[in-house]
Structures are given as C-alpha cells and as structure tokens.
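In each ligand, atom 1 is the first atom listed, and ligand 1 is the first ligand listed. This chain uses plain numbering: 1 for the first residue, then up along the sequence.
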Amino acid sequence: MASSRAADEGTLLKAILQESVTEVVVFDADTLRIVQANPAAAKNLHYQPKALQKLTPLDFLPPEDRQAFHTLLTLLRHGKKRRTALSVHCRRRDGTLYPVEVRILYSADHEKPVFIWIANDVSQREATRQALAHSVSDMHAIVAHIPGMAFQIQRRPDAPPTLRYVSEQSAQLLGIKASALHGKPERFYKLILEEDRPDYLAQLAQADGGHMTFNWEGRIWMKAWKDVKWVAIRVSQRKDEGGTIWDGIMLNMTHSKQAEAELLRSRAQLSALAAHVESVKEQERLHLAREVHDDLGGNLTTIKIGLSWLMRHLPPDQPLLIQRTAYLDNVVDQTFEAAHRIASNLRPAALDFGIVPAVAWQLQRFTRNTDIPHEFSAPEDAIPLGPDAEIAAFRIVQEALTNVAKHARATRVKLRLVREPDSLRITLTDNGRGLQPAPENGHGFGILGMIERAATLGGELTVHPAKRQGTQVSLRIPLAVSVPDPAE
Ligand SMILES: Nc1ncnc2c1ncn2[C@@H]1O[C@H](COP(=O)(O)OP(=O)(O)OP(=O)(O)O)[C@@H](O)[C@H]1O
Ligand SMILES: [Mg+2]
C-alpha cells in the first residue's frame, strides 16, 4: 500500500517536472555532472535533454558567474546553508545569454549527494524592468527640459493629499528644493500672496467638486528676489484605484504677465490718445464751422447789403453796371450756400438739438446723395446723452452710412434708435451684399475708429451680418444719467 502511494507520488512529481516551465537540473555533488534535467531546462538552454547529461553547469555558466557559483556550492557542501539563491546568466548552446534566478539545494539523502538547480528564466521580467527604467529616465529627461515644474498629487478619499512627485525645477521656480517641497507641500500655499489665496482655494474647491481640470494663475512672494512672481498651474485629474491622481505643471508667467500689463497699458494710452485726437478734431471742426458761419457769413451779409444798396442807386441807363452787380449778387448767394454746406459738413447745426434730429438730418442727406431710401425710428422724448457721446454717436452713424454708400450696394437702409434702461442702442441695417472683406491695400480705419469711439465712452459696437441679408452695425452707448424710460 505504502509502496503504491510512493509510486503514485513519484509519477506525479515526474509529471510536474515534465510540464513545469521552471528549469530543474540535478547534478552530482562531486563531479558536477548533470544527472537529470527537465524539458524546461533543455528548452531554455537549446539542448536535447540527453545531450545535457554529458555537461556540468559550468558549461552553461559564463566565466564571470562561475566564482559565485563555486562559493555557493562550497557553503552548501559544508552544511553552512541548505539552500541558496543566485542571479546569474546562462549561456545557450548558440552562445547567447539569458538571465535566471536560481535556487540551489544540496541533498545528501541518496547514495551519491547531489545539487538541485531550480531556475526561472527572468529575461521577460528583466526586459520589462529595463523598459521601465528607460521610460523613467526618459520621463526625467523630458521633465528636466520643460520650462516649468512638473508634479503629481495623489488624493485618496479619507486621507490628506500627498505629493507623489515633484520635479527638480521647484528650486528654480519656487526657491524650495524638490526634496523639501516633497516633505512639506503646504510650503507652496504659504508663498501665495494673501490677496490671491481666496481665488486659489476657490479653484481648488471646484477641482475637488469634480472639475476635471484645475487652472490657476496667481502671484507668489519670492523671498530671494524680494519681489512677486506670477505662476500658472495647469492640472488634469484622472482616476486610479481608490482615488484620483492630479498631474500638473507649474509655469513662470512673470514675463508674459509683465508683457500683458505693458500691452494693456499701451492700449489704454493709445485709446486715450485716440480719444484726445478725436476731441481736438471735434473742437477744431466746431471752431471752423463757427468761423465759416459767423465771420464769412457776416462778411457775405455785408457784401449782400452793399450790393443791394448799389442796385438801388445805380442809374437806370447803365444796364452793363446793373447786369454786373446782379451777377455779383448771385455769386454772393452761391457763396452763402457753399459756406453753409461747409459749416454743416464740419458740424451739423442739427447736433445742437440732440442726437435724434442730427441723425435724421444725416439720413436725409444720405438718401438725397445716394437715392437709397431709408426707414427711421427713434423715441420721441429727448435722449440724455452727454455732448461727447452725442458727437461720437453721430460720427459713428455718419461713418456707417458712408460705408453703406461705399461698399454695400444696398437698396434700403434702416436706422433705429432704441432707449434701453441705461443706454441708447442704435442699429443701422442695410440690405446690401453683406460685409465684404477689406481690400488688402486699403487702410480701413472706419470700423476700427467706430469701435474705439464706442469703447472710449464705455459702450460697444459690433458689425455683423444682418438677419436676412446685408450688414448691421449695432452700437450701445451709455446714457449720461440713468433716468427710467417713461414708456416702461
Ligand atoms: N455696410 C457694408 N457692407 C459691405 N461691406 C462693408 C460694409 N461696411 C464695411 N464693409 C467692409 O468692411 C471694410 C472695412 O470698413 P472700414 O470702414 O473699416 O474701411 P473702409 O471703408 O474700407 O475705409 P475707411 O473707412 O478708412 O475710409 C470695408 O473695406 C468693406 O469691405
Ligand atoms: Mg469706412
């Protein structure tokens, strides 16, 4: 019974050895000759199982691993150890090497003591480890070259967040060594200027609330510089088992923020300058219009009175003189008209009565000059616009009408003035061919000027395609005082 059980176990063991992917080699403790090797060993070493029996392990160990092998065998033989492990390379029959992790046992239970070599081919694991090492070193190389600090935060539901990784640039960017920041990530928060902290915390809370990204721009205090530095943080979240990982980058924005501030400053200066130029131009126009009207008009009136006196006193038998004087009187009338036209062009008198009469007058002139009919609607009550806003609105309508005449090929225009609670909305719609791209060599300052004028007054202007056809210019301009619209 016992012997049949032993026989069963023997068969089982043999089957295991046959099928195992682990190399098992038994070799004589004295001669080191291989007594038995399983198929996995033969397969790994590229030998026929029988051929292996003529060899010793030294035949497939490269010279550099033999010394360690011998030392181990000696320890085992002297009973200093019963088994021991070793990482070595084995040489295949074709000379190529592969790494193995091997355990060697010493057994003196049989008539001849043997060593048992049990080894696993770890080339796959080794390749994976090397690939991992490469990708880690690649990642470090890439991270070292990005112009900012990379970091990774791990967030678990019931634990405080931990800084899993922070790149060396932290020293340069924040003045804190990566290792120091790693240990105390809260040091970053302490750098943030007090007034920027609420915004930082608000963004953080949003990201905690499920936003997949966390973007923040703010200022930190750099002790070493004794100055402020602008930084931008960009983080994206991803799930991992049991929590989230925040992959982030922090960039130094100081230069671009300074450039942005400089740009805004220059833009504001430019706007102020443009507004100043416009206002000087308007004053000049007003002045010229008055000169033409008062001075020139006054002189012309005097001439006209003089001529009519002459007419009355000329002897009736001097037809040539009478004819000449009548001709001069006619020229004076024409000059009157011209002076009036010039003064109106410079500054329409209708402007003195408010924006509605002024644009109505301009619209009539437009139709008269272009034969394009118009529709006009405006509130009946006076619109409380300041004098600057009135002139700006008028000039904008004037330029928009000029654009219709120049570019639109329209057959109708519609001007609407609508009183809103705090502002006046003016829309000019044409039914022309739609907004045309400005010619490449054209200067095209009209629309820019309109936008600038509107912005200077705290309003806004857009030029866009009209609903059905053509172009619409839409202007919103704040009222001087916000009086509730009586119609509401
Ligand atoms: N009502 C419109 N219909 C069609 N195209 C238009 C209309 N208004 C403007 N455009 C197009 O927009 C361009 C820019 O207009 P903008 O008034 O800025 O310049 P401009 O009229 O060409 O030159 P400037 O006004 O400086 O004399 C025009 O060249 C034209 O192509
Ligand atoms: Mg124009």
Side-chain angles (χ1 to χ4, degrees), residues 266-286 288-289 341-342 344-348 350-351 355-356 358-378 388-418 424-477:
S266 318
R267 169 117 185 71
Q269 277 175 348
L270 211 63
S271 284
L273 186 67
H276 177 69
V277 168
E278 283 305 331
S279 126
V280 169
K281 246 162 71 183
E282 278 315 325
Q283 280 170 18
E284 198 57 25
R285 280 178 183 148
L286 180 66
L288 273 175
R341 200 176 57 246
I342 292 168
S344 284
N345 278 344
L346 284 167
R347 192 177 190 280
L351 252 181
I355 184 68
V356 178
V359 292
W361 173 82
Q362 185 67 30
L363 209 50
Q364 265 158 18
R365 269 179 58 144
F366 168 82
T367 299
R368 201 167 54 235
N369 293 339
T370 59
D371 280 337
I372 302 173
H374 68 256
E375 276 174 45
F376 178 57
S377 67
D388 288 346
E390 223 154 42
I391 291 183
F394 175 76
R395 295 287 178 215
I396 287 172
V397 171
Q398 212 174 24
E399 166 61 18
L401 283 170
T402 308
N403 273 354
V404 174
K406 265 164 68 180
H407 311 293
R409 297 193 195 153
T411 55
R412 209 176 50 246
V413 293
K414 198 155 61 178
L415 183 67
R416 271 163 61 86
L417 274 67
V418 177
L424 169 68
R425 181 164 296 279
I426 303 182
T427 45
L428 177 75
T429 317
D430 68 57
N431 67 345
R433 58 185 172 151
L435 198 59
Q436 297 297 304
E440 292 217 334
N441 52 356
H443 35 269
F445 285 121
I447 294 178
L448 262 182
M450 293 199 270
I451 293 173
E452 194 60 48
R453 272 182 191 271
T456 309
L457 292 161
E460 67 216 352
L461 181 133
T462 54
V463 182
H464 46 257
K467 250 187 208 148
R468 284 203 201 109
Q469 181 196 346
T471 305
Q472 186 171 69
V473 176
S474 173
L475 165 71
R476 191 192 60 76
I477 201 161

N, O or S atom of N403 closer to the Mg ion (ligand 2) than 2.8 Å
yes

Audit row: T471, T429, side-chain contact (heavy atoms from CB on, under 4.5 Å) steps and yes/no:
CA-CA 6 Å; T471 305; T429 317; over 6 Å; no

Which of the ligand 1 atoms, numbered from 1, are nearer than 4.0 Å to a heavy atom of [X]:
| X | value |
| --- | --- |
| N403 | 8 (N), 9 (C), 15 (O), 16 (P), 17 (O), 21 (O) |
| G434 | 3 (N), 4 (C), 5 (N) |
| K406 | 20 (P), 21 (O), 23 (O), 24 (P), 25 (O), 27 (O) |
| E399 | 17 (O), 25 (O) |

Could you tell me if R395 and Q398 have a donor-acceptor pair between their side chains, going purely by distance under 3.5 Å?
yes

Pairing donors with acceptors under 3.5 angstrom, does anything connect the side chains of H407 and Q436?
no

Got [X] and [Y] here, is their nearest side-chain heavy-atom distance under 4.5 Å?
| X | Y | result |
| --- | --- | --- |
| I391 | R347 | yes |
| V359 | F366 | no |
| N345 | R365 | yes |
| L415 | V397 | yes |

Consider ligand 1: state whether an atom of it lies below 4.0 angstrom from any non-hydrogen atom of [X].
| X | value |
| --- | --- |
| R409 | no |
| G432 | no |
| G470 | no |

Look only at the side chain of T367 and the backbone of P373, and say whether a donor-acceptor pair between them is shorter than 3.5 Å.
no

Quick one: does ligand 1 sit under 4.0 Å from the side chain of P437, the backbone, both or neither, non-hydrogen atoms only?
backbone

How does D430 reach ligand 1, by side chain, by backbone, by both or by neither, if only non-hydrogen atoms under 4.0 Å count?
side chain

Any nitrogen or oxygen of [X], main chain or side chain, under 3.5 Å from a nitrogen or oxygen of ligand 1?
| X | result |
| --- | --- |
| L435 | no |
| L448 | no |
| F445 | yes |

Which is it for T411 and N431 under the side-chain hydrogen bond (donor to acceptor under 3.5 Å, both in side chains) test, yes or no, and what are the steps along the way?
CA-CA 6 Å; T411 55; N431 67 345; 2.7 Å; yes

Could you check which N/O/S atom of E399 is closest to the Mg ion (ligand 2)?
OE2

Heavy-atom distance to atom 18 (O) of ligand 1: which of T429, I447, V404 wins?
I447

Do the charged groups of E278 and K281 touch, with an N to O distance under 4.0 Å?
yes

